[in-house]
Amino acid sequence: MEAPMRLSRYFLPILRETPKEAEIVSHRLMLRAGMIRQESAGIYAWLPLGLKVLNNITRIIREEQNRAGAIECLMPVIQSADLWRESGRYDAYGKEMLRIKDRHEREMLFGPTNEEMITEIFRAYVRSYKDLPLNLYHIQWKFRDEVRPRFGVMRSREFLMKDAYSFDLTAEAGRHSYNRMFVAYLRTFARMGLTAIPMAAESGPIGGNLSHEFIILADTGESEVFCHKDFLTFPPPPADVDFDDAAALEGIVGQWTSRYAATSEMHDANAFAAVPDAAKVSARGIEVGHIFYFGTKYSEPMKAVVNGPDGKEVVVQMGSYGIGPSRLVAALIEAGHDDNGIVWPESVAPFYVGVADLKIGDAATDKVCGELVEQLENAGLDVLHDDRDKRPGAKFATLDLIGLPWQILVGPKGLAEGRVEVKRRKTGERELLAPADAVARIVDAAKQAGA
RNA sequence: CGGGGUAUAGCGCAGCCUGGUAGCGCGGAAGUUUUGGGUACUUCAGGUCGCAGGUUCGAAUCCUGCUGCCCCGACCA
């Protein structure tokens, strides 16, 4: 919980016009709402409003990773080339990997992913099957030197990534670990108001033979996708799902893989033809997560082994599980906006409610705004108080642009009747309420949203 | 990495063809006005015209080289 923010003292560089480089709506709105600033091709600074959203997203990711039994750590952004030579990927990775040299001419690299490093950490400490299963994750900046970065933070070169890595004794146990992350991902995206559809996927340079991409449908998505419409009605796993219950997880994963879903690379026209026409969904999608089960691809060459119950050495089974929080910020905007700006889901909104004082300096509006802000704050809500000396129109436009779920508009006209206006951003519904009722309405809504 | 653009004030642009030392809108500051959906007017501040050479009495403008950025394609969380 933070102190209520007075907009006159905040740093929110709103742009009235759209910078010309921004092609897609999320990029345009992130620049206009003062969330990010481009510093280089595909490299962005996160301004306060953008950072708040990013932090809300990583908070949800952490909560769901922890719930599923993963343990957070943090690995460095700069890695040694030697580590990557062990797995054979130093030469295999190609120009996407940014290679650098330190002052001693040692070959280093800016990490594009961390399988090698986590395997090195694992093998240094873990010797016994009794320490398994283990799942370690971190949330860290990564760099992939994309040939052509575009679409703002949707396809940037530097990006924030949550990576989890699982270690198990057997393939069966590894499958359970995979399912844990699968279910955790369904919950994570659902909490952000997204339906992410798990689709059969290529495993690419990460490797392995079991892999799903989690894709949300959006017109501006980069991938062409094909799936059954039932996915849009499947319920997300409940909060009390038992992650130790392998059969229960298998059941959930079973449901979410029971219908056809594939990206264009993996598309099987014959299989799709079997889907009833009325259920066919052919759309564009944004990849927001990707999970891999790759067995011993890294543990074998890097000798990550433990002693089994019979005293013999066993090469551990591994998987890795990624979510891109920085990309998710853009994906959430692609999925939630209108002509006036962003419409944030309540769980990730940078502030929960904005209180606009429509006539700064008016004793009545100033007083009521101060009281509203204090009461909302005391109720545990994150409040933005627009106390700038601006025209009402400018305030409406700003609040709509930055997409806070609720607005309270306090002006002399309404106050003459003892009323303020409560506006819900998502629907545009407005209500004239007494100030105390306005607070109650929004606090109730927050409780219902489980914020 | 191929193809195509573009670079002039914080943002969006004009000026370049036909060389004469830079302008408009938005934004910012001051003021008057206005006060419920980006108000109107006045004044002000802000630019080594991407960088380096060259041509010329004189270059934002013409020529050469370089760099950044953007778009299309192939590649990708």
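Sequence lines set the chain letters: A, B, ... in the order given, protein chains first and strands last, and positions in each chain run from 1.
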From the list [options], which nucleotide is the closest neighbour of the side chain of [X]?
X: R150(A); options: A74(B), G37(B), G12(B); answer: A74(B)
X: P19(A); options: G12(B), C69(B), A74(B); answer: G12(B)
X: K359(A); options: C1(B), U35(B), C75(B); answer: U35(B)
X: R148(A); options: G37(B), C71(B), G28(B); answer: C71(B)
X: A41(A); options: G37(B), C69(B), C1(B); answer: C69(B)

Heavy-atom pair with the smallest gap, counting every atom of Q79(A) and T113(A): NE2-O, 3.1 Å

For W84(A) against Y93(A), the heavy-atom pair lying closest together: CZ3-CD1, 3.6 Å

Starting at atom [atom1] of [X], determine the distance to atom [atom2] of [N], rounded to an integer number of angstrom.
X: F11(A); N: G28(B); atom1: CZ; atom2: P; value: 14 Å
X: R37(A); N: C11(B); atom1: CZ; atom2: C1'; value: 10 Å
X: Y44(A); N: C69(B); atom1: OH; atom2: P; value: 10 Å
X: D339(A); N: G37(B); atom1: CG; atom2: P; value: 19 Å
X: I43(A); N: C69(B); atom1: CD1; atom2: C1'; value: 13 Å
X: E96(A); N: C1(B); atom1: CD; atom2: P; value: 13 Å
X: D389(A); N: G27(B); atom1: CG; atom2: C1'; value: 16 Å
X: E224(A); N: G73(B); atom1: CD; atom2: P; value: 13 Å

Looking for any heavy atom pair under 4.0 Å, which part of the strands does [X] touch: base, sugar-phosphate only, or nothing?
X: R430(A); answer: base
X: S326(A); answer: nothing
X: G414(A); answer: base
X: S156(A); answer: base
X: L15(A); answer: nothing
X: G324(A); answer: nothing
X: D362(A); answer: nothing
X: E17(A); answer: base

Counting Watson-Crick and G-U wobble pairs only, both distances under 3.5 Å, name the nucleotide matched with [N], or none.
N: G73(B); value: C1(B)
N: U6(B); value: G68(B)
N: A29(B); value: U43(B)

[X] side chain N/O closer than 4.0 Å to the phosphate oxygens (OP1, OP2) of [N]?
X: R391(A); N: U39(B); value: yes
X: K20(A); N: C70(B); value: no
X: Q38(A); N: C70(B); value: yes
X: K390(A); N: G28(B); value: yes

Where the side chain of R187(A) meets the backbone of P237(A), is there a donor-acceptor pair that is under 3.5 Å apart? yes

Check whether R327(A) reaches the backbone of M154(A) with its side chain - one donor and one acceptor, N or O, closer than 3.5 Å. yes

What integer number of Å spans the [atom1] atoms of [N] and [M]?
N: A22(B); M: A30(B); atom1: P; answer: 28 Å
N: G10(B); M: U48(B); atom1: P; answer: 9 Å
N: G46(B); M: G23(B); atom1: P; answer: 13 Å
N: G4(B); M: A60(B); atom1: P; answer: 29 Å

No-H, no-angle donor-acceptor pair, E421(A) side chain to G36(B) base, under 3.5 Å: yes

Would you say the base of G12(B) and the side-chain of R32(A) have a donor-acceptor pair closer than 3.5 Å? no

Which word best sums up how the rings of [X] and [Y] line up, parallel for under 30°, tilted for 30 to 60°, or perpendicular for over 60°?
X: F226(A); Y: H267(A); value: parallel
X: H212(A); Y: Y178(A); value: tilted
X: F214(A); Y: F189(A); value: tilted
X: F143(A); Y: F110(A); value: tilted

Along RNA chain B (nearest heavy atom to each residue), the more 5'-positioned of A397(A) and E23(A): A397(A)

Taking for each residue the nucleotide of RNA chain B bearing the nearest heavy atom, is the 5' side occupied by G289(A) or by P149(A)? P149(A)

